[in-house]
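One is the number of the first residue; the rest follow in order along the sequence. Order of appearance sets the numbers: ligands from 1, and atoms from 1 within every ligand.
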Amino acid sequence: MTTIEDFIKGIPKAELHLHIEGTFEPELMFKIAKRNNIEIKYKSVEEIKKAYNFSNLQDFLDIYYEGAGVLMQEQDFYDLTWAYLKKIHSENVLHAEIFFDPQTHTDRGISFQTVVKGISRALQDSQNKLGVSTKLIMCFLRHLDEDAAIHTFEQALGYKDLITAVGLDSSEVGHPPSKFQHVFEKARQEGFLTVAHAGEEGPAEYVWEALNLLKVSRIDHGNHSFDDDKLVQELVNRKMPLTVCPLSNLKLKVVNDLKQHPLRKMLEKGLLATINSDDPAYFGGYVNENYLAISSALDLSKEEITQLAKNSFAASFLKEEIKQKMIDKVEKYYQKVINI
Ligand code: HPA
Ligand code: ZN
């Protein structure tokens, strides 16, 4: 019989919640820092990994922004993105929707063009050389003000063909979705789809705002939705996808134990939950490790894992006919494995 681990490895899947700056492995960070003549405060890979011991989201973000500070040249953004794509190719991820944080770089004097060109060249190679399709999502940093987001948005207009959606990330509490209502409105008028991190550390009210004010197509995280029964019902009625990130939730102490993770409740309620890695270099695992950790903690069956993989395509921004093809692929895989 196929083990759960092998079943997860082989199942075709999509990843929908992934910050490219969060895939920066220490080895690559050292290499890029060296070629850019940047001193990093850690002496070794082991020392860096030891620092990855977070008590909350802000603790993590401080280290994450510092790490991203060594990215200078277009080639750096290419190398970062390409390393991630090769990794997920080995994990049977067939499609990825990737966040990037332009303000983290433009605020250090790196041009928007350098960032987008480096990432996009790797995405192009992904389709051509690996057969992994991708979409790019530009996130606004919510700890900065809306004018800064609007300025960033205006720069993105020159790259509309490369960017599918806008999102909202960084420090959540005290920075509600309503702060970004105007820039999201502009983005929708220009044809961008919208998503937002909500209910990771912030309250259920932020999830309502993301739905009603930002008119998002997906909620990133959404854990705190369970504090409000009406909201859960609304998410079910709207078939609103939630991009859930189990190892992230554990490392940032959104949950104390994966056994208490709300994923099972989400599935029982009929929510369109998906499994994702968020910032895999920092949280101890790529997408398959996330599937495995949550499956072990909640004792998920192969049927439930298959549902999650189907959800990942259903919740994607792929065209309807491609979505259906991918979902059929997942079902075929399941049938093949259970009939062995
Ligand atoms: N939450 C908010 N902002 C982020 C995250 C996250 O999990 N990862 C990278 N930026
Ligand atoms: Zn995230």
Taking atom types as modelled, find out whether [X] and [Y] have a side-chain donor-acceptor pair closer than 3.5 angstrom.
| X | Y | answer |
| --- | --- | --- |
| H151 | Q103 | no |
| E15 | S277 | yes |
| D6 | T2 | no |

(message) Among S170, S171, A198, A68, which one puts a heavy atom closest to atom 3 (N) of ligand 1?
(response) S170
(request) Take the Zn ion (ligand 2) as the centre and count protein N, O or S atoms at distances under 2.8 Å. (result) 4
(message) So if I count the atoms of ligand 1 from 1 in the order they appear, which ones are less than 4.0 Å from some heavy atom of H197?
(response) 1 (N), 2 (C), 6 (C)
(request) May I ask you to list the atoms of ligand 1 that are less than 4.0 angstrom from any heavy atom of F60? (result) 8 (N), 9 (C)
Any idea which protein heavy atom is nearest [atom], and the distance to it?
| atom | result |
| --- | --- |
| atom 8 (N) of ligand 1 | D279 OD2, 2.7 Å |
| atom 5 (C) of ligand 1 | H19 NE2, 3.6 Å |
| atom 7 (O) of ligand 1 | D278 OD2, 2.8 Å |
| atom 1 (N) of ligand 1 | E200 OE1, 2.7 Å |

(message) Check for me whether K265 meets the cation-pi criterion with F226, that is, NZ or CZ under 6.0 Å from the six-membered ring centre and within 45 degrees of the ring axis.
(response) yes
(message) Strictly by ring pair (Phe, Tyr, Trp, His ring centres under 6.0 Å), give each pair with a member in residues 300-334 just once, sequence neighbours left out.
(response) F7-Y333
Any N/O pair [X]/ligand 1 closer than 3.5 Å:
| X | answer |
| --- | --- |
| D101 | no |
| S248 | no |
| H17 | no |

(message) For H143, is the NE2 atom crowded, meaning more than 12 foreign heavy atoms sit under 6.0 Å from it?
(response) yes
(message) For E304, is there an ion pair with R264 - N to carboxylate O distance below 4.0 angstrom?
(response) yes
(message) Between R188 and E185, does any NZ, NE, NH1 or NH2 come within less than 4.0 Å of an OD or OE carboxylate oxygen?
(response) yes
(request) Specify whether F140 and F180 have parallel, tilted or perpendicular ring planes, treating 30° as the upper limit for parallel and 60° as the lower limit for perpendicular. (result) parallel
(request) Would you check if the side chain of K239 reaches a backbone N or O of V236 as a donor-acceptor pair within less than 3.5 Å? (result) no
(message) So does Y78 get a backbone contact from the side chain of R121, meaning a donor-acceptor N/O pair under 3.5 Å?
(response) no
Does the residue [X] have a heavy-atom contact with ligand 1, meaning some pair of atoms that are separated by less than 4.0 Å?
| X | result |
| --- | --- |
| F99 | no |
| H221 | yes |
| D220 | no |

(request) Applying side chain to side chain contact (heavy atoms under 4.5 Å, CB included) between D328 and each of E331, Q324, K325, report the one that passes. (result) Q324
